[in-house]
Structures are given as C-alpha cells and as structure tokens.
Student: 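Here it is, the structure in full.
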Amino acid sequence: MDFALTEDQRAIQDAARAFSDAELAPHSAEWDETKHFPVDVMRRAAETGFAAIYAGEQHGGMALGRVEAALIFEELSRGDVSTAAFISIHNMATWMIDGFGSDDLRGRYVPRLATMELIASYCLTEPGSGSDAAAMRTTARLDGDHYVLNGSKAFISGAGTSDIYVVMARTGEAGPKGISAFVVEKDTPGLSFGAQEKKMGWNSQPTAIVQFDDCRVPVTNLLGKEGDGFRYAMMGLDGGRLNIAACSLGGARLALETAQAYVATRKQFGKALNEFQNTQFKLADMATALEAARLMVLRGAWAIDTGHPEKTKWCAMAKRMATDACFQIADEALQLHGGYGYLKDYPLERIVRDLRVHRILEGTNEIMRVITAREMMRQ
C-alpha cells in the first residue's frame, strides 16, 4: 500500500494548481456575482489538457486515469468550484463520445471537444425523473436514417451555450434496457432551451431545460448500440460522482485554509481565536474530515482505474461521504468567521452555496446510500 503520488501525478497536480491560482481564483467572486460563463478561460484550461483528461490520445485526449482526474479537479475547484464542476461535466460527455462512439463520431467531435472549440453538456435528468433515471420519458423513434427525439431534460449545465449534447432517450422497452445515447448538435432543428434557472450557487455556469420537439438526429449519431445508453450513463456516473466529490474537496480546502488564517488574527476576549481549545478542536476535526474524504475519493478513483468489481459501491460511498463532509467543513469555516462569514467580502458564503448542490447532483446522497446498500446485499 503506497499513498505517495508518482512524479507524473505531482507534476499534473502542480499544473492544475498553477492554472487555478492564476486563472480561476482571481475571478471566482466576480463570475458568481455577474453569472458569467468563462468560456475563454475554460478554453485556456483545455490548452493544458483539462478538457479531455481521460479521453484517448488518438484524438487529442490526455489518456489519464481517474486518480489524476481527482487531483486535477480538487485543484481547479479550490480556485472556483462552479467552473471546475462544469469542466468535469464536459469531460464526462467527451469521454462518452470517445469511449462509445463510432470512429466517425470520435474523429468528428473529440478533437474539437479536447480543445473546447466545442463545449459539451450531459443530458440525463428529466423534469419528472430525477433519481429514477430509468423512468425517463424522452423518446427517440427511428425514422429512416434519423431518430426523432421528443421530450425534455432538466437542470442541464451549459444548456443554450454548449455546442454538443449527449442525450439519453428511450428507443425501446420500459426500464433501463430501452434507453439509448445520442450526440445532438446545438443547431439541430427541434432542439430548444428554456429560460436560465435562478440558482442558489453554481452561478458561473448556465442551467436550463433542454427541449426536443421532433428533433431529427442522424442514425450515425447513436452512441454504441440501441439499448446500451443507460449502461453507458451509469459507467459515466461512477466517474462523474468522483469528479463532483473532488470538486467538493477543493472548495472545502479553501474554506479550511481561509478559516485557519482568519482565526490566527481575529481576537476575542484578549486572545486570538486559535488560542481557544474549542477553535483548535474544530480545525482538527475539519482537517481530519477533509483528509478522510480525500482518501475515499482516491480509493474510488483507483477502483475505476483498476476495474475493481466493487468500483460502483466505492464511488457511491466516496461521493456521499465527501460531499456531506466537505459541505459541513465549509459551513464550520463560515461559522468560525461569525458575521463576517455571511458577507461576500469572504469566499465562505459562496463556497457553501456552491457545495450544497453536490449533495444532490450525479445522484442524490440518499441514492448513494441505496446503491451502497444494494451492492452490499449482493455480496
């Protein structure tokens, strides 16, 4: 058992940290305030390879593992949680096309996704089926050399701005075996978008409903085979859950560092706050929880990279534990700041808002418990 990073992993981590410090952190408060989607900055991240982290090298990907991805997303999210989270979603969509698309699809899209010339969104959740994704009602009916899509997807990050949408739709029987995956381009007739949602956090990325009204998609834009879409989606969610957990790590780490610096200078009753044992215990508990969450995330990433048979359980456990723990760390950091933590002069209130949704998306933390228990019962 070796917990040390390799030289290459440290270099990747350093590169992500340098980019985050220079390009994300200085602007995160402004992007949150103005609801700015920093496409230009994300394209600079793509120049470093961060838009196709685990896509193959043939079409411009980095061909890295999930451990490296976790390191990257923790560092990026320390600069800006919301933007890092969107980059993780783009990576998931890129990976699905690279992993399951035909040679033609891969050649057509992946090189441009790797540079973020094209930006991608992932469309699974629907207005009436969130946790019960297999109950989706969006349909794809074969009509000659096209599929005709009808239905809608909800809470889609990048909706209206993204160029490519990886869409799950029903082509067959009820349940997961009747779901297929498609690549839909933004200018496809019949594709439209709802109004931008007004959100608690994640304000540096747009979110809206994606609507399909007799949207005709070429047969060649089917990913893999009919009926395999749900399986692809679930494989993607194992990694997606780890990415979101890693984004929680970065936000919580910034919150802890901010709190530690604050309590060293803030005085009450004639003493710095960090001289009180209660404060010291809080900091110790926060640091311990952060480290435990990081270890869970890296273990889940290792499980995917090695093809471990329990990878789905470990990813669910890591996502549940890390997103809950990191939200609590951020909330405790805000509490240590007292009234100042509630002000936008400090990053704590933004981190709390951004991390809150991580306990909901990529499968709610209640569903992570369901998955964990189900996998336990199979043993």
Student: Checking side-chain polar atoms at under 3.5 Å, does Thr312 have a donor or acceptor matched by the opposite partner on Asp238?
Tutor: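 Per modelled atom types, Thr312 and Asp238 side chains form a pair under 3.5 Å.
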Student: Are Leu273 and Gln268 close enough that some pair of their side-chain heavy atoms sits under 4.5 Å apart?
Tutor: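 They are in side-chain contact.
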Student: CZ of Arg112 to CD1 of Ile119: how many Å apart, nearest 0.5 Å?
Tutor: 12.0 Å
Student: Do Lys344 and Glu349 make a side-chain contact, defined as non-hydrogen atoms from C-beta onward lying under 4.5 Å apart?
Tutor: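 Contact flag for Lys344/Glu349 side chains = yes.
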Student: What I want to find out is whether Glu257 reaches Arg253 closely enough, with some N-O distance under 4.0 Å, to be called a salt bridge.
Tutor: yes
Student: Under the salt bridge (Lys or Arg N to Asp or Glu O under 4.0 Å) definition, can you give me all pairs with a residue in residues 132-146, not counting sequence neighbours?
Tutor: Asp143-Arg216
Student: With hydrophobic residues grouped by side-chain heavy-atom distances under 4.5 Å, do Ile209 and Phe155 end up in a single group?
Tutor: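 Ile209 and Phe155: separate clusters.
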Student: Got a list of side-chain donor-acceptor pairs under 3.5 Å for residues 313-323, not counting sequence neighbours?
Tutor:
from	atom 1	to	atom 2	distance (Å)
Lys313	NZ	Glu310	OE2	2.7
Lys319	NZ	His358	O	2.8
Lys319	NZ	Leu361	O	3.0
Lys319	NZ	Gly363	O	2.8
Lys319	NZ	Asn365	OD1	2.8
Arg320	NH1	Asp324	OD2	3.1
Thr323	OG1	Lys319	O	2.6
Thr323	OG1	Asn365	OD1	3.4
Thr323	OG1	Asn365	ND2	2.9

Student: Please, which pairs that meet side-chain hydrogen bond (donor to acceptor under 3.5 Å, both in side chains) have at least one residue in residues 188-198, sequence neighbours excluded?
Tutor: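 Matches after skipping sequence neighbours: none remain.
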Student: Is there a path of hydrophobic side-chain contacts, each under 4.5 Å between heavy atoms, that joins Val219 and Val183?
Tutor: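 No, Val219 does not connect to Val183 through the hydrophobic network.
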Student: Measure from the side-chain N and O atoms of His90 to the backbone N and O of Ala120, and report whether any donor-acceptor pair falls under 3.5 Å.
Tutor: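 It does hold such a pair.
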Student: Is it true that a side-chain atom of Asn91 and a backbone atom of Ile87 form a donor plus acceptor pair closer than 3.5 Å?
Tutor: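 Pair found, side chain donor or acceptor close to backbone of Ile87.
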Student: Among residues at least two apart in sequence or on other chains, which ones pass side chain to side chain donor-acceptor pair (under 3.5 Å) with Tyr165?
Tutor: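 Here no residue qualifies.
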Student: For the pair Asp32 and Arg353, find out whether any cationic side-chain nitrogen is under 4.0 Å from an anionic carboxylate oxygen.
Tutor: yes
Student: Are Thr138 and Glu126 close enough that some pair of their side-chain heavy atoms sits under 4.5 Å apart?
Tutor: yes
Student: Honestly curious: do Val110 and Trp95 fall in one hydrophobic cluster under the side-chain, below-4.5 Å linking rule?
Tutor: yes
Student: Is the positively charged end of Arg44 above the ring of Phe19, judged by distance under 6.0 angstrom from the centroid and angle within 45° of the axis?
Tutor: no
Student: Return the orientation label for the Trp31 and His36 ring planes: parallel under 30°, perpendicular over 60°, tilted otherwise.
Tutor: tilted
Student: With sequence neighbours excluded, what pairs up with Asp21 under the side chain to side chain donor-acceptor pair (under 3.5 Å) test?
Tutor: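 Residues passing side chain to side chain donor-acceptor pair (under 3.5 Å) with Asp21: Arg78.
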Student: Would you say the side chain of His337 lies within less than 4.5 Å of the side chain of Tyr342, judging by non-hydrogen atoms?
Tutor: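 Side chain of Tyr342 against side chain of His337, heavy atoms only: no contact under 4.5 Å found.
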Student: Using atom types as modelled, flag every donor-acceptor pair under 3.5 Å from a side chain in residues 259-267 to any protein atom, sequence neighbours excluded.
Tutor:
from	atom 1	to	atom 2	distance (Å)
Tyr262	OH	Arg266	NE	3.4
Thr265	OG1	Tyr262	O	3.1

Student: Would you compute the distance between atom CD1 of Ile351 and atom CG of Leu254 and round it to the nearest 0.5 angstrom?
Tutor: 4.0 Å
Student: Should Val184 and Val148 be counted in the same cluster of Ile, Leu, Val, Met, Phe, Trp and Tyr side chains packed under 4.5 Å apart?
Tutor: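 Unlinked, Val184 and Val148 end up in two clusters.
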Student: Hey, what do you get for CZ (Arg374) to CD1 (Ile367), rounding to the nearest 0.5 Å?
Tutor: 9.0 Å
Student: Checking salt bridge (Lys or Arg N to Asp or Glu O under 4.0 Å) for the pair Glu362/Arg241: CA distance, chi angles, key distance, verdict?
Tutor: CA-CA 6 Å; Glu362 306 287 17; Arg241 287 163 182 158; 5.8 Å; no
Student: Whether the Asp214 and Asn150 side chains hold a donor-acceptor pair (N or O, under 3.5 Å, no angle test) is what I'd like checked.
Tutor: yes
Student: Enter the distance from Ser121:OG to Phe86:CZ here, rounded to the nearest 0.5 Å.
Tutor: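 Rounded to the nearest 0.5 Å, the OG-CZ separation comes to 4.5 Å.
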Student: Between Lys153 and Tyr122, is the side chain to side chain contact (heavy atoms under 4.5 Å, CB included) condition met? List the steps.
Tutor: CA-CA 10 Å; Lys153 300 292 182 178; Tyr122 176 77; over 6 Å; no
Student: Apply side chain to side chain contact (heavy atoms under 4.5 Å, CB included) to residues Leu124 and Ile156 and explain how you reach the verdict.
Tutor: CA-CA 8 Å; Leu124 176 64; Ile156 304 305; over 6 Å; no
Student: Taking atom CD1 of Ile89 and atom OG of Ser157, what is their separation to the nearest 0.5 Å?
Tutor: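 Ile89 CD1 to Ser157 OG: 3.5 Å, rounded to 0.5 Å.
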Student: Could you tell me whether Asp228 and Arg231 have a side-chain N and a carboxylate O separated by less than 4.0 Å?
Tutor: yes
Student: Report the residues that fulfil salt bridge (charged side-chain N to carboxylate O under 4.0 Å, His left out) with Arg17, sequence neighbours left out, ordered by chain and then residue number.
Tutor: Asp14, Glu75
Student: Output all residues satisfying side chain to side chain contact (heavy atoms under 4.5 Å, CB included) with Thr220, sequence neighbours left out; order by chain, then residue number.
Tutor: Arg108, Pro218
Student: Holding to salt bridge (charged side-chain N to carboxylate O under 4.0 Å, His left out), I want the full list of residues that pass it with Lys35, two or more places apart in sequence or in another chain.
Tutor: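 Partners of Lys35 under the salt bridge (charged side-chain N to carboxylate O under 4.0 Å, His left out) test: none.
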Student: Which residues satisfy the ring-ring contact (aromatic ring centres under 6.0 Å, His included) test with Tyr232, sequence neighbours excluded?
Tutor: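 Phe100.
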Student: Would you call Arg294-Glu74 a salt bridge at under 4.0 Å N-O?
Tutor: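 Yes, this pair counts.
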Student: To the nearest 0.5 Å, what is the distance between CG on Asp163 and OH on Tyr109?
Tutor: 10.5 Å
Student: With no hydrogens and no angle check, is any side-chain donor or acceptor of Gln280 less than 3.5 Å from a backbone partner on Gln277?
Tutor: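 Side chain of Gln280 to backbone of Gln277: no pair is present.
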Student: Between Glu226 (side chain only) and Ser180 (backbone N and O only), is there a donor and an acceptor less than 3.5 Å apart?
Tutor: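 The answer is no, because no donor-acceptor pair under 3.5 Å joins these two groups.
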Student: If hydrophobic clusters are built from ILVMFWY residues whose side chains come within less than 4.5 Å, do Leu105 and Met168 share one?
Tutor: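 Yes, because Leu105 and Met168 connect within a single hydrophobic cluster, where side-chain heavy atoms sit under 4.5 Å apart.
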Student: Does atom CE of Met376 have more than 12 heavy-atom neighbours, drawn from other residues, nucleotides or ligands, at distances under 6.0 Å?
Tutor: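 Incorrect, the count does not exceed 12.
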Student: Please lay out, stage by stage, how Phe73 and Ile244 fare under the test side chain to side chain contact (heavy atoms under 4.5 Å, CB included).
Tutor: CA-CA 8 Å; Phe73 286 120; Ile244 287 302; over 6 Å; no
Student: Spell out, as yes or no, whether a donor-acceptor pair under 3.5 Å connects the side chain of Thr34 to the backbone of Glu30.
Tutor: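 Side chain of Thr34 to backbone of Glu30: a pair is present.
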Student: Side-chain donor-acceptor pairs under 3.5 Å in residues 48-57, sequence neighbours left out?
Tutor:
from	atom 1	to	atom 2	distance (Å)
Tyr54	OH	Arg66	NH1	3.3
Tyr54	OH	Asn243	ND2	2.9

Student: Just so I know, are the side chains of Ser28 and Arg350 near enough to count as touching, which here means a heavy-atom distance under 4.5 Å?
Tutor: yes
Student: Would Asp331 and Leu355 count as a side chain to side chain contact (heavy atoms under 4.5 Å, CB included) if you check the C-alpha gap in whole Å, the side-chain angles of each, and the deciding distance to 0.1 Å?
Tutor: CA-CA 10 Å; Asp331 190 58; Leu355 292 191; over 6 Å; no
Student: Got a sec, which pairs hit salt bridge (Lys or Arg N to Asp or Glu O under 4.0 Å) with one end in residues 275-284, sequence neighbours left out?
Tutor: Lys282-Glu332
Student: Side chains of Phe327 and Arg356, heavy atoms from C-beta outward: is any pair under 4.5 Å?
Tutor: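 With C-beta onward as the side chain, the pair touches.
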